[in-house]
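Just below is one structure, and these are the notes that go with it.
The first residue of the sequence shown is numbered 1, and numbering continues consecutively from there.
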Amino acid sequence: MAANNRRMSGKKGAQVGSGGQRRRGLEGKGPTPPAEMRKGHAKQRAAAAKARRSQGRPQRRPGGKGTSELVVGRNPVVEALREGVPASTLYVQQFIDNDERVREALQLAAERGGINLMEAPRPELDRMTNGLNHQGLVLQVPPYEYAHPEDLLDAAADEGEDALIVALDGVTDPRNLGAVVRSVSAFGGHGVVVPERRAAGMTAGAWKTSAGTAARTPVARATNLTRALEQYKKAGVVVVGLAADGEVELGELEALEGPVAIVVGSEGKGLSRLVGETCDFRVRIPMPGGAESLNAGVAAGIVLYEAARRRA
């Protein structure tokens with residue numbers, strides 16, 4: 001009998017009924033819930049963040065101000081006024097030769113309004129410009145008022161849209177910044193983020209390259225770009241870095257259909273190490289022509305177009 005008990009104890013499988021658990025385990029669980037209801041999904045995080053913001057937004061510090069700038073010389077001053085670069089004062093040298101460019105500068109400043117006209121002796125203008133060849137015209141550009149990075153999320157939420165943001169990592173040419181601002185405006189983006197240090201800011205050159213779009217497209221300044229991107233990720237935004245050796249090709253990136261921050265590095269060095277490690281995806285733009293890289297303005301424009309096309 002003992003031997004029989006030992007044989008019985010060695011049998012595999014359950015000795016009692018399963019109570020229907022196996023049958024229930026085989027049953028379907030119903031349709032897959034939408035992305036907004038799936039825990040951990042990017043769209044679910046974005047919906048939760050949007051709900052939190054709608055309950056009342058905390059007071060945040062502004063992104064700070066840049067420094068004032070002087071545009072020097074007749075042609076640069078006229079071009080800045082034509083392009084709508086913000087200006088507070090136009091300095092005109094006493095007894096200046098009143099040529100066509102001087103007349104146009106005075107006319108543009110008067111038509112715009114809000115620009116002070118100041119007459120100054122040549123030595124004073126020499127002192128202001130540190131001896132540059134000002135040709136009797138100097139335009140003072142006031143400090144740019146930067147937004148806070150989270151303001152761009154609020155702008156998207158206010159419009160009922162998924163965030164579409166471009167962040168620049170190590171881009172030092174203001175013309176590239178202006179070109180990116182122009183592309184963001186053209187493709188329905190919600191703003192641009194730049195680091196506070198070692199990066200291009202909204203200078204007169206950036207304003208001119210933006211072709212006036214900087215007046216309606218906010219530029220935010222982040223004390224720490226990596227930290228700002230991490231905050232975006234917590235809010236449900238997918239962070240996508242552009243890299244020539246990226247693991248995902250642009251056409252395969254489904255994340256562009258939802259809230260996304262596109263990070264563009266410098267043309268020479270690309271993304272910095274910490275920023276690259278923060279990205280959810282590293283994406284490459286296919287270039288059949290064999291070019292090694294694209295400048296920041298062109299690269300951002302290509303990805304923004306693809307995002308806009310998918311969201312249309």
Side-chain angles (χ1 to χ4, degrees), residues 62-147 166 168 171-189 191-192 194 199-221 295-298 300-301 304:
K65 288 187 176 183
T67 57
S68 59
E69 183 185 1
L70 296 177
V71 178
V72 177
R74 298 187 185 188
N75 285 336
V77 166
V78 171
E79 291 173 5
L81 290 170
R82 285 176 183 168
E83 296 294 340
V85 174
S88 56
T89 306
L90 175 62
Y91 293 93
V92 183
Q93 181 182 316
Q94 290 176 341
F95 314 116
I96 190 175
D97 294 333
N98 194 6
D99 68 4
E100 183 178 347
R101 292 170 298 174
V102 173
R103 290 193 295 272
E104 184 176 1
L106 292 171
Q107 181 180 352
L108 290 169
E111 290 175 352
R112 187 192 297 187
I115 301 178
N116 299 317
L117 297 176
M118 299 288 293
E119 194 175 43
R122 182 184 179 93
E124 177 63 16
L125 296 183
D126 290 342
R127 184 194 63 80
M128 288 174 56
T129 61
N130 290 322
L132 294 176
N133 184 21
H134 51 74
Q135 299 175 305
L137 285 184
V138 177
L139 186 68
Q140 186 169 42
V141 178
Y144 180 81
E145 293 190 10
Y146 292 94
V166 174
L168 300 182
V171 175
T172 56
D173 188 340
R175 293 170 297 182
N176 270 333
L177 171 57
V180 170
V181 170
R182 188 173 183 176
S183 293
V184 169
S185 177
F187 295 113
V192 181
V194 297
M202 283 305 296
T203 63
W207 268 94
K208 286 166 59 179
T209 309
S210 77
T213 58
R216 57 181 182 271
T217 303
V219 176
R221 189 167 63 177
N295 70 29
V298 173
L304 285 165

Would you please name every residue forming a salt bridge (Lys or Arg N to Asp or Glu O under 4.0 Å) with Arg74, sequence neighbours left out? Asp99
Rounded at 0.5 Å granularity, tell me how far OG1 in Thr129 sits from CG in Leu137. 12.0 Å
Using side-chain contact (heavy atoms from CB on, under 4.5 Å), reason through Val71 and Val85 one step at a time and then give a plain yes or no. CA-CA 10 Å; Val71 178; Val85 174; 5.5 Å; no
Just verifying a value: how many Å separate Arg112 CZ and Arg82 CZ, rounded to the nearest 0.5 Å? 13.0 Å
Looking at NE2 of His134 and CZ of Arg122, how far apart are the two atoms once the value is rounded to the nearest 0.5 Å? 4.5 Å
I'd like to know whether CZ of Arg175 has more than 12 heavy-atom contacts from other residues, nucleotides or ligands below 6.0 angstrom. no
Checking side-chain contact (heavy atoms from CB on, under 4.5 Å) between Asn295 and each of Val171, Asn176, Asp173, which is the one that passes? Asn176
Does this structure show an ion pair linking Arg127 with Glu124, if we count only N-O contacts that are shorter than 4.0 Å? yes
Using a 3.5 Å distance criterion without hydrogens, assess whether the side chain of Thr209 forms a donor-acceptor pair with backbone atoms of Gly205. yes
Tell me the salt bridge (charged side-chain N to carboxylate O under 4.0 Å, His left out) pairs involving residues 211-220, sequence neighbours left out? none
Could you report the tightest heavy-atom contact between Ala296 and Val180, atom names first, then the distance? O-CG2, 3.9 Å
Using atom types as modelled and distance alone, determine if a side-chain donor or acceptor of Arg182 lies under 3.5 Å from a backbone N or O of Ala211. no
So, does Glu69 use its side chain to make a donor-acceptor pair with the main chain of Ala204 at under 3.5 Å? yes
Closest contact, heavy atoms only, Gln135 versus Ile96: O-CD1, 3.6 Å
Under a 4.5 Å cut-off applied to non-hydrogen side-chain atoms, are Pro143 and Ser68 in contact? yes
Which atom of Val102 lies closest to which atom of Asn98, heavy atoms considered: CG1-OD1, 3.7 Å
Minimum heavy-atom distance between Phe95 and Glu119, given as atom pair plus value: N-OE2, 4.4 Å
Within this structure, what is the CD1-CG distance for the pair Ile115 and Leu108, rounded to the nearest 0.5 Å? 8.5 Å
Closest heavy-atom pair and its distance - Ala206, Gly201: CB-O, 3.8 Å
Taking atom CD of Glu111 and atom CD of Gln107, what is their separation to the nearest 0.5 Å? 4.5 Å
Do you know the tightest heavy-atom contact between Thr217 and Tyr144? O-OH, 4.3 Å
Would you give the length of the straight line joining atom CE of Met118 to atom CD of Gln94, rounded to the nearest 0.5 angstrom? 10.5 Å
Give a yes or no answer on whether the side chain of Tyr146 reaches the backbone of Met202 with a donor-acceptor pair at less than 3.5 Å. yes
Please determine whether the number of non-hydrogen atoms from other residues, nucleotides or ligands lying under 6.0 Å from atom CD of Glu145 exceeds 12. no
